[in-house]
Amino acid sequence: MLPKTYDFESTERRIYQMWEENGYFKPFNDPNEEDFDPEIENYVISIPPPNVTGKLHLGHVLFVSMEDLMIRYHRMKGYSTLWVPGTDHAGIATQLQVEKQLQKEGTSRREIGRDAFLKRMWQWKDDHSGLIKEQIRRLGASCDWDRERFTMDEGLSNAVREAFVHLYEKGLIYRGPRLINWSPALQTAVSDLEVEHEEEKGKLYYFKYRIAGSEDDYIPVATTRPETILGDAAVAVHPDDERFQKFIGQTALVPILNREIPVIADEYVDLEFGTGALKITPGHDPNDYEIGMRHGLEIYSMLDKAGKVTAVGGPYQGQDRFEARENLWEDMRQEGLVLKEEPYVHQVPRAQRGGEIIEPMVSTQWFVEIQPLAEKALAAVKNGEIEIVPERFEKVYYNWMENIHDWCISRQLWWGHRIPVWYCDECGERTVKRQDPTVCEHCGSETIHQDPDVLDTWFSSGLWPFSTLGWPEETPDYKYFYPTTMMETGYDILFFWVARMIMMGLELTGKKPFSTVYLHGLVMDEKGQKMSKTKGNAIDPIEVMDEMGTDALRFTMLVGSTPGNNTNLSLKKVEANRNFANKVWNAGRFVLSAIQDTPSSPQSPPEWTLADSWIWARLQDLIREVERLFQNHQYGVAGRQIYDFFWGDYADWYLEIAKEQLDQGEDRAYYTIETLVRVLDMCLRLLHPFTPYVTEELWQHLKDAVMHSPLQERLGAWEDALIIAPWPETRPEEGWEAETMEHFNLIQEIVRTIRNVRAEKNVQDGQLIPATFASAEYSPILENQKTVLAALAQLDKEKISIYTNLAEKPEGHVALVAGPVEIYLPLADLVDPEEEYKRLLGELKEAEGHIDRLEELLAGPFSEKAPQEIVGKERDKLEDYREKARTIQEQIEMLKGSS
RNA sequence: GGGCGGUUAGCUCAGCUGGUAAGAGCGCCUCCCUUACAAGGAGGAGGUCGUUGGUUCGAGUCCAAUACCGCCCACCA
């Protein structure tokens, strides 16, 4: 006998191992095998590679669960599915970990040197990379581990090399001095995307820009970063500004330094803002850089890579940027150049990693000329070749692509793909090769040295969907599985990653890298706040799984998420879903025990009861719904519907009725068990992509039981495992279904009505009571469902009377109406007639309210304009209420008469 | 400055293609440890679906304004 509570601890590891050992995670149609059939449709996802030394967080849980759901669904649908797992070297993030370690040891990467440092990096990677993979397995991820990749393994490094050289040869990669984002702490350039703009409180500093050759003339200027005055190359005013027009063309003097700079006119200057005049620092501000370019201004680099003032800053040389700000401002105050300071809120650029203030500065770096790539990438989405779900992100994507800037790809780090460019010490020319060169290809000199920088991590991630399949080699995997099908990832990396994959894929492979982009939201805490360790609201998924099982966590994430929207996770929800897993388990236990007692093969053909037909019809309806929702990527809604069906229909109603049917003769029992099994089987299949463990475990037991019972004859042979069992097929609704639903709904309504009054009147639970029913139309059904009614409403089966017409209402009874059916329960001794009268009056009032409303509705334009189907429905409803009201009237009359 | 999302029961959220007096989980109240499940069962209370207009026979669902919360993008010193 199975344990009373689902024991996920003893199940999960065993089941995962079983799946993996049997090769179920591998595509069944493998291009590397003999029996490969290129015609079979495939379904491919490349995993968004987590940081190789990372630790599982809820973001991982969400995407792994989601992708596993997609993969399992398609595997069951018969696609040759491949989910490629892997990890990312995550340049800066990982390097910082090791640097931190070195710091603890009292040394640094520069001290130990590049080779030794890289050794340490690989060591670190080897020590830590197992964890995240193990945790992903624990989530039940059915990815093909034999095809696992790492962004810095040999194959992928080749792909990076090929990509770089290809783009370089095409002239789309160039090197040169540009204004870039520099992180003084990280000591590297970062791309625009890696800079976050935070609104912060600062000051707006007003001061005088003195005009050369004059005692009193000055232009008032405001700045948020006074230290950059040291790098000023001009003062700009608007050409139409009457206040300053006379100064245009004159010379201004940089405070303290007294360097002479021109006063220029530029349309960019906003007359209204600040003082209406602008200091121009081309070396340290993106706008000023542009203006400087337009006017051919000198670029003064007044900060070095450590963020200290250079020789340009004269007396301030060597001072830290913030120190220099204070000192310079103080000196200017002494000189009488200061006008005022105002508190000011402005955007401060900070490094995504580390949070340090980024300095824009001019530096020689490698760039990708992005325009030509972006055009193709834009078109691919616009023409529908690539679909983004939810659709609204397409607009976001367009906006970004249309305003894109060249991509700075060189990083002054050591952990990453080294830029494949060699400089000749003799002739100074560059050699760019797919294979490491030994000599300069221009002069043949052997004294060449490789560029010390590495590539942005996202450069290699951008190749992920094809590099993992073997590109640039034309491997069987690449030929069959590329382009991939689905790119499932968070909307937060739409630009970082998705956009780059599309650009790189189209350029390098000539094909789109995937057909659909599905973007999920971020995982927040239950209040919608970002989770963080410092806030103390972070939930550790491992702990949750330890406590409540993987299925519970998965189901919570999947069902709680709507495409593109954030998911707020609370432990309460996980708990509720753990209960659901347990519900499934226990329903399964019930069915299993029923199977044990299956009578031998039936003598007669099946005679399905109303409940049998109803649950089957509901199931078919559910399957259609789920299919439709899956096609629309509405996975969460689908999960909820399965949940509702399983708990609300199958467990709460059908199972209870089945208990009765099991006692109604051998054939009836047999067919009941068959229905129990068939529906459970279908539910387990539908649920499997959401909660793989409990469903597989239960299904194995179910299969085992069925195969050893007389049911086998009618249920046939099943697959070896649920993971590869076929997905339930939809079939069109059949004629009998609507009526079955209607009849069963009536039974449900009667049962609820009786239960309600029992609870209200405090009838002892378990006490069977007599009942009288009357209905012209439905009496045959009531007769037929006597047992069901008796069991569910706790009626005395021997004392149920059913009439088509009751001329005399029974006296001393509680009178009820459920739909068109009158119900009389002999509870008079429990009932105060006065109270009863009030209750009936209340019900009458309600019914009359409906009648009024519906009459009004049907009298209006509704009946002409609305579809006949809808109108008919409302008409029927009106009839029902009228009949109900009539019945209640009679009941009231009777009550009056008897008292 | 542009764009996007949210605003539905005490709390956290569903509500997909507009269909007729709004759903779930948790919490709350009453009863029940009945032989699948107390991580359960039965019943119940609780919402003018942010506000204002509009389209429509019909709107939580579509449109327009507006308020608040949040996010993204952007070169206003």
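Chain letters run A, B, ... following the sequence lines, proteins first, then strands; residues in each count from 1.
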Please pick, from [options], the nucleotide with the shortest atom-to-atom distance to any side-chain atom of [X].
X	options	result
Q347(A)	rA74(B), rA36(B), rG44(B)	rA74(B)
L655(A)	rC26(B), rU34(B), rA36(B)	rA36(B)
A587(A)	rC75(B), rA36(B), rC16(B)	rA36(B)
D270(A)	rA77(B), rA21(B), rC4(B)	rA77(B)
Y268(A)	rC76(B), rU20(B), rC32(B)	rC76(B)
K573(A)	rU12(B), rU34(B), rU20(B)	rU12(B)
D652(A)	rG41(B), rU17(B), rG15(B)	rG41(B)
R853(A)	rC16(B), rA21(B), rG5(B)	rA21(B)
N756(A)	rG40(B), rG44(B), rA77(B)	rG44(B)
R628(A)	rA21(B), rC16(B), rG40(B)	rC16(B)

Could you measure between the two [atom1] atoms, the one in [N] and the one in [M], and give it in whole Å?
N	M	atom1	value
rU8(B)	rG3(B)	P	25 Å
rA9(B)	rC26(B)	C1'	12 Å
rG23(B)	rU48(B)	P	15 Å
rU35(B)	rU17(B)	C1'	46 Å
rA67(B)	rG25(B)	P	37 Å
rU34(B)	rA42(B)	C1'	12 Å
rU12(B)	rG58(B)	P	35 Å

Any base atoms under 4.0 Å from [X], or only sugar-phosphate, or nothing? Heavy atoms, all strands.
X	value
R755(A)	sugar-phosphate
T5(A)	base
K4(A)	sugar-phosphate
K395(A)	sugar-phosphate
H197(A)	nothing
K873(A)	nothing
E869(A)	nothing
Y344(A)	sugar-phosphate
R752(A)	sugar-phosphate
A651(A)	base

Y650(A) and F645(A) aromatic ring geometry - parallel, tilted or perpendicular at 30°/60° bounds: parallel

Derivation of the salt bridge (charged side-chain N to carboxylate O under 4.0 Å, His left out) call for E855(A) and R882(A): CA-CA 10 Å; E855(A) 277 176 346; R882(A) 278 184 176 146; 2.6 Å; yes

Option from R758(A), R752(A), E760(A) for which side-chain contact (heavy atoms from CB on, under 4.5 Å) with N756(A) holds: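 Testing each of R758(A), R752(A), E760(A) against N756(A), the sole residue satisfying side-chain contact (heavy atoms from CB on, under 4.5 Å) is E760(A).
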
Residue met sooner reading RNA chain B from 5', once P286(A) and S593(A) are mapped to nucleotides: S593(A)

Which residue lies more 5' along RNA chain B, comparing P861(A) with N287(A) via nearest heavy atoms: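 Per heavy-atom nearest nucleotide, the more 5' residue is P861(A).
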
Sole candidate of F690(A), Y518(A), F555(A) that passes ring pair (Phe, Tyr, Trp, His ring centres under 6.0 Å) when paired with Y635(A):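 Considering F690(A), Y518(A), F555(A), a ring pair (Phe, Tyr, Trp, His ring centres under 6.0 Å) with Y635(A) is found only for Y518(A).
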
Within 45° cone and under 6.0 Å: R755(A) NZ/CZ vs W653(A) ring: yes

Within 45° cone and under 6.0 Å: K340(A) NZ/CZ vs F207(A) ring: no

Reckon [X] has a side-chain N or O less than 4.0 Å from the OP1 or OP2 of [N]?
X	N	value
K659(A)	rU34(B)	no
N566(A)	rG70(B)	no
K572(A)	rC11(B)	no

Which residues share a side chain to side chain donor-acceptor pair (under 3.5 Å) with D7(A), sequence neighbours left out: S10(A)

